[in-house]
Amino acid sequence: MSIPRRYFLQGLWAMPLTAGLSACGFQLRSVGDYPFKTLYANFAINSPLGVELRRNLLGTGRIDVWSEPAQMLKADAILDILSEERQQVVVGINALGQVRELQLRLRVRFRLRTPDGVIWIDAVELAQQRDLSFTETAALSKEIEQGMLYRDMQTDIVQQIMRRLAMVKPPSKAPLVPAPKP
């Protein structure tokens, strides 16, 4: 088969594939369109979750993140991290009573509101969990693996928060029109 004919046949094969991808609604992930330009960060900015969340918010290039209490009333929205809880639960032990398997859990509760108290996102709890096998002989490496799993769960939760912030629709401020009298 000649080279030009091979390219032609490959092009014919690729056209239905690209048409199928475009017809299914496939779209690359893009930066969200947020209904606020300034966000007051009402969470610990030096916590691992706070650092990653702040970095992602600033990385959009569309949001100014404020953390000074004096700026809270001037912000368009306030993001409250209500709780962040990390847990280790033993789910498996051997015949000698030694831990064989752990379950790592990360739960984060947050809400989004305006300085006036209007709730845009009511209190939501996001949770992630990962299983971790455990052996006493490799305790140090399992501790490192545990840290990596917590960072992975934290990244997933931050991405979920970012998607929810991008999807928020502030309540419309339609003027009140009196009902017509019969």
Side-chain angles (χ1 to χ4, degrees), residues 26-36 38-72 75-115 117-169:
F26 175 78
Q27 183 181 7
L28 291 174
R29 193 181 317 171
S30 61
V31 176
D33 188 26
Y34 301 94
F36 46 85
T38 58
L39 180 73
Y40 177 75
N42 196 10
F43 52 87
I45 295 181
N46 55 357
S47 75
L49 181 81
V51 168
E52 187 165 353
L53 189 54
R54 181 180 176 86
R55 184 175 12 159
N56 277 277
L57 288 167
L58 291 173
T60 64
R62 299 179 180 190
I63 301 173
D64 289 331
V65 180
W66 296 345
S67 57
E68 295 297 322
Q71 297 172 319
M72 182 166 63
D76 296 334
I78 300 170
L79 178 64
D80 296 317
I81 300 295
L82 303 172
S83 67
E84 176 186 353
E85 181 181 357
R86 295 173 185 246
Q87 292 179 325
Q88 279 186 10
V89 179
V90 176
V91 292
I93 56 174
N94 64 10
L96 300 173
Q98 296 173 330
V99 175
R100 282 289 164 223
E101 190 168 351
L102 295 170
Q103 190 173 67
L104 307 176
R105 298 176 184 166
L106 178 61
R107 296 178 194 275
V108 175
R109 288 191 61 214
F110 76 97
R111 73 175 174 198
L112 184 70
R113 62 187 173 96
T114 64
V118 177
I119 303 291
W120 283 0
I121 299 177
D122 206 9
V124 176
E125 180 177 77
L126 301 175
Q128 291 279 318
Q129 68 183 30
R130 302 284 191 273
D131 294 327
L132 174 68
S133 62
F134 188 80
T135 62
E136 282 294 323
T137 58
L140 184 58
S141 64
K142 289 299 177 176
E143 186 176 326
I144 293 169
E145 184 179 358
Q146 178 181 348
M148 291 170 53
L149 288 173
Y150 273 126
R151 277 192 299 276
D152 181 46
M153 290 188 287
Q154 175 181 295
T155 299
D156 286 349
I157 286 179
V158 166
Q159 291 303 315
Q160 288 181 40
I161 291 173
M162 294 296 292
R163 284 191 293 272
R164 288 175 188 239
L165 291 177
M167 295 304 297
V168 82
K169 300 287 185 238

Can you name the nearest heavy-atom pair linking Pro115 to Ala75, along with the distance? CG-O, 3.1 Å
Should Val90 and Leu102 be marked as a side chain to side chain contact (heavy atoms under 4.5 Å, CB included) after you check the CA-CA gap, both sets of side-chain angles, and the distance that decides it? CA-CA 5 Å; Val90 176; Leu102 295 170; 3.7 Å; yes
Side-chain touch Asn42/Arg113, heavy atoms, less than 4.5 angstrom: yes
Looking just at side-chain N and O atoms, do Arg86 and Gln146 make a donor-acceptor pair shorter than 3.5 Å? no
From CA spacing to verdict: side chain to side chain contact (heavy atoms under 4.5 Å, CB included), Arg130, Asp156: CA-CA 12 Å; Arg130 302 284 191 273; Asp156 286 349; 2.7 Å; yes
Under a 3.5 Å distance rule, please check whether Asp80 uses its side chain to pair with a backbone N or O of Leu82 as donor and acceptor. no
Would you call Gln88 and Leu104 a side-chain contact if the rule is heavy atoms closer than 4.5 Å? yes
What residues, two or more places apart in sequence or in another chain, satisfy salt bridge (Lys or Arg N to Asp or Glu O under 4.0 Å) together with Arg107? Glu125
Glu143, CD atom: more than 12 neighbouring heavy atoms under 6.0 Å: no
Minimum heavy-atom separation for Arg164 to Ile121, with atom names? O-CD1, 3.8 Å
Can you name the residues that form a salt bridge (Lys or Arg N to Asp or Glu O under 4.0 Å) with Asp131, not counting sequence neighbours? none
Heavy-atom pair with the smallest gap, counting every atom of Asp76 and Thr114: O-CG2, 4.0 Å
At what distance, to the nearest 0.5 angstrom, does CD of Gln128 lie from CG of Leu106? 7.5 Å
Could you tell me whether the side chain of Leu126 reaches within less than 4.5 Å of the side chain of Arg109, counting heavy atoms only? no
What residues form a side chain to side chain contact (heavy atoms under 4.5 Å, CB included) with Val51, not counting sequence neighbours? Arg55
So, for Trp66 and Gln71, which heavy atoms are closest and what is the spacing to 0.1 Å? CB-OE1, 3.2 Å
Residue set satisfying side chain to side chain contact (heavy atoms under 4.5 Å, CB included) with Ser133, at least two apart, ordered chain then number -> Lys142
Could you give the distance from CZ (Phe43) to OG (Ser83), rounded to the nearest 0.5 Å? 14.0 Å
Is the closest side-chain heavy-atom distance between Pro69 and Tyr40 below 4.5 Å? yes
Reported CG-to-CG distance for the pair Leu165 and Asp33, which is rounded to 0.5 angstrom: 12.5 Å
Say you draw a straight line from CG of Asp152 to CD1 of Ile157; how long is it, rounded to the nearest 0.5 Å? 10.5 Å
Check for a donor-acceptor pair, side chain of Glu52 on one end and backbone N or O of Val158 on the other, with a separation under 3.5 Å. no
I want to check something: taking the side chain as every heavy atom from C-beta on, are Leu79 and Leu53 in contact at a cut-off of under 4.5 Å? yes
Minimal heavy-atom distance between Met162 and Asn56, with the atoms involved, is CE-O, 3.5 Å
For Leu58, the side chain to side chain contact (heavy atoms under 4.5 Å, CB included) test, sequence neighbours excluded, returns Arg54, Val65
Shortest non-hydrogen contact between Asp122 and Arg111, atoms and distance: C-CB, 4.1 Å
Tell me every residue that passes ring-ring contact (aromatic ring centres under 6.0 Å, His included) with Phe36, counting only those two or more places apart in sequence or in another chain. Tyr34
